Structure formats: C-alpha cells, structure tokens
Amino acid sequence: SRVGGADSRRVALVFNNITERKLAEEQLRRANFRFRLAEEAAKGFNYEWDLDTGLVTRSEGIERVLGYRRDEVAMTWQAWADLMHPDDRTVQSEAAAAAFARSLTDDGFGSEYRVRHKDGHDVWMLERAVLIRDERGGVRRVVGQTVDITERKHLEAERERLLAEE
C-alpha cells in the first residue's frame, strides 16, 4: 500500500517543555513547607477573613494547636467566636466584628483571649492581624496569625502568685 493512502494512519507527537512549570511547582512546595514549619515553630496557625463574603479560612495548624481539624470548625467568624471563652468575647456578632475591623484606622491589631481546645481545656491565644484595604481605603480582608501563649500566661500567673506571697 502507498504511504499516505486512504488506509494509512497518522500519528502526531507534540512535546512541551514543562521545565518552568516543574520549577514553579517545586518552589511552591518549598514555600508551603517553610510556611508550615514557621507555623509549627510559632505554635500557631494563620487565617484569612473575607469581610465581603464572611468566609474565614484557617490553616492546618489549627489541629496542632486546638485539636480541631479544619473541617470541624465552620469557615465563619461565628464558629470561632463560639470557641472563645465568654468572658473574653468583646464583640458578640459577626456584623459587629466586621464593623469593628472596618472602623480601624491602623493597619492591624492584636489581642489575647482564651479558646476552648477540642478536649475541653482553655488555650490562651495571641492574635495579630493586618487589614487588607481596597483602593478607597476600605477594609476588605483581615489576615492574621493566632499563637498559643498558654505557657506564658501560666508563668505570668505563677509569678504574680509568688510576688503576692512576699
């Protein structure tokens, strides 16, 4: 039979150089690894709260710090507020919390409060966040880190107790 005839079959091969993509994937993998190590070293986890949608995303470090898998804590401000010690809640609703965040004139904030661990004990947290603003200066997102400071709080309480005994 003749080459290229009606009964012949054709095969086309296409080669793509994926070196750049593979390098980018490796850089991303390394950055994510460093990010997880930094969270572990800080005994904390990161979060992002989109004020427009109400969606709160938390990093996997929440399980290490509080015992909850990410899917066990709803992706809302209210779910986090429900874990907070009642005496430490300064704002009672998501709307009020969003209004507070939007009213801040600084680029960030910090606070200390207690949160209930999955096994029932309280964990002292230090939260620090930055406010992400739109081009008009309105706060759109809050991005922060929440760190376990329970050991520090226990040492401070012990110090206060010892000073009071003197």
Side-chain angles (χ1 to χ4, degrees), residues 18 20-157 160:
I18 60 171
E20 285 184 33
R21 185 183 72 179
K22 288 296 186 182
L23 287 173
E25 288 172 356
E26 178 62 17
Q27 288 173 338
L28 180 60
R29 188 189 66 72
R30 287 181 183 193
N32 285 334
F33 179 71
R34 285 190 307 270
F35 176 78
R36 285 191 303 276
L37 283 178
E39 277 191 332
E40 188 174 332
K43 296 182 182 178
F45 59 93
N46 297 297
Y47 70 92
E48 180 177 349
W49 178 23
D50 184 317
L51 297 179
D52 294 327
T53 66
L55 183 69
V56 179
T57 54
R58 296 175 186 88
S59 66
E60 294 171 0
I62 191 172
E63 185 170 3
R64 184 180 53 262
V65 176
L66 295 173
Y68 299 99
R69 290 187 325 271
R70 286 191 318 175
D71 64 353
E72 291 180 300
V73 180
M75 297 174 72
T76 64
W77 177 89
Q78 189 61 52
W80 186 248
D82 290 345
L83 294 175
M84 290 177 71
H85 191 285
D87 294 343
D88 297 340
R89 275 189 221 139
T90 56
V91 183
Q92 299 301 319
S93 73
E94 181 173 1
F100 169 75
R102 286 187 170 108
S103 74
L104 294 173
T105 56
D106 291 337
D107 289 332
F109 67 90
S111 63
E112 295 180 2
Y113 52 87
R114 292 165 287 179
V115 175
R116 188 175 55 254
H117 191 280
K118 185 175 181 177
D119 70 12
H121 71 276
D122 286 337
V123 177
W124 274 100
M125 307 303 296
L126 168 63
E127 178 178 348
R128 290 194 179 122
V130 294
L131 306 175
I132 309 300
R133 298 178 185 276
D134 62 22
E135 60 280 349
R136 296 182 315 274
V139 178
R140 310 287 4 129
R141 297 186 336 259
V142 178
V143 178
Q145 184 174 56
T146 309
V147 177
D148 180 350
I149 59 167
T150 305
E151 185 176 344
R152 187 193 90 198
K153 286 296 205 176
H154 286 242
L155 291 172
E156 289 172 358
E160 292 298 318

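This one's a predicted model, so the numbers in the text were calculated from it and none came from an experiment.
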*What is the minimum heavy-atom distance between Val91 and Ala96, and which atoms define it?*
CG1-CB, 3.2 Å
*Not counting sequence neighbours, which residues clear side-chain hydrogen bond (donor to acceptor under 3.5 Å, both in side chains) with Asp87? List them please.*
none
*Within a reach of under 6.0 Å around CZ of Arg152, are more than 12 heavy atoms found that belong to other residues, nucleotides or ligands?*
yes
*Looking at Val139 and Leu51, what are the two nearest heavy atoms and their distance?*
CG1-CD1, 3.5 Å
*Identify whether the distance between the nearest side-chain nitrogen and carboxylate oxygen of Arg102 and Asp52 falls below 4.0 Å.*
yes
Kindly list each side-chain donor-acceptor pair under 3.5 angstrom involving residues 142-149, sequence neighbours excluded, with atom names and distances?
{"unit_1": "Asp148", "atom_1": "OD1", "unit_2": "Thr150", "atom_2": "N", "d": "2.8"}
{"unit_1": "Asp148", "atom_1": "OD1", "unit_2": "Thr150", "atom_2": "OG1", "d": "2.7"}

*Can you check side-chain contact (heavy atoms from CB on, under 4.5 Å) on Asp50 and Glu48, steps first, answer last?*
CA-CA 6 Å; Asp50 184 317; Glu48 180 177 349; 5.6 Å; no
_If you compare all heavy atoms of Trp124 against all heavy atoms of Glu112, which two are closest, and at what distance to 0.1 Å?_
CZ3-C, 4.3 Å
*Using the ring-ring contact (aromatic ring centres under 6.0 Å, His included) rule, collect all pairs that involve residues 83-110, keeping only residues at least two apart or in two chains.*
none
*Are Ile132 and Arg140 close enough, and set up right, to give a side-chain contact (heavy atoms from CB on, under 4.5 Å), and what steps lead you there?*
CA-CA 6 Å; Ile132 309 300; Arg140 310 287 4 129; 5.5 Å; no
*Quick one: does Arg89's side chain have a donor or acceptor within less than 3.5 Å of a partner on Met84's backbone?*
yes
*Pairwise distance CZ(Arg114) to CE(Met125) - rounded to 0.5 angstrom*: 13.5 Å
*Going from NZ on Lys43 to CZ on Arg64, what distance comes out if it is rounded to the nearest 0.5 angstrom?*
10.5 Å
*Look up atom OH in Tyr68 and atom CZ in Arg116, then write down how far apart they are to the nearest 0.5 Å.*
5.0 Å
*For atom CD of Glu26, decide whether the heavy atoms of other residues, nucleotides or ligands shown that lie under 6.0 angstrom number more than 12.*
yes
*Would you call the rings of Trp49 and Trp77 parallel, tilted or perpendicular if under 30° counts as parallel and over 60° as perpendicular?*
parallel
*Determine, stepwise, if the pair Arg70 / Thr57 fulfils side-chain contact (heavy atoms from CB on, under 4.5 Å).*
CA-CA 9 Å; Arg70 286 191 318 175; Thr57 54; over 6 Å; no
_Within this structure, what is the CG-CD distance for the pair Leu66 and Glu72, rounded to the nearest 0.5 Å?_
11.0 Å
_Once rounded to the nearest 0.5 Å, what's the spacing between atom CG of Leu155 and atom CD of Glu160?_
12.0 Å
*Search all heavy atoms of Ala74 against all heavy atoms of Ala79 and return the closest pair with its distance.*
O-CB, 3.4 Å
*Residue Glu60 excluded, over 12 heavy atoms near CD under 6.0 Å*: no
*Straight-line distance of Leu55 CG to Arg141 CZ, nearest 0.5 Å*: 11.5 Å
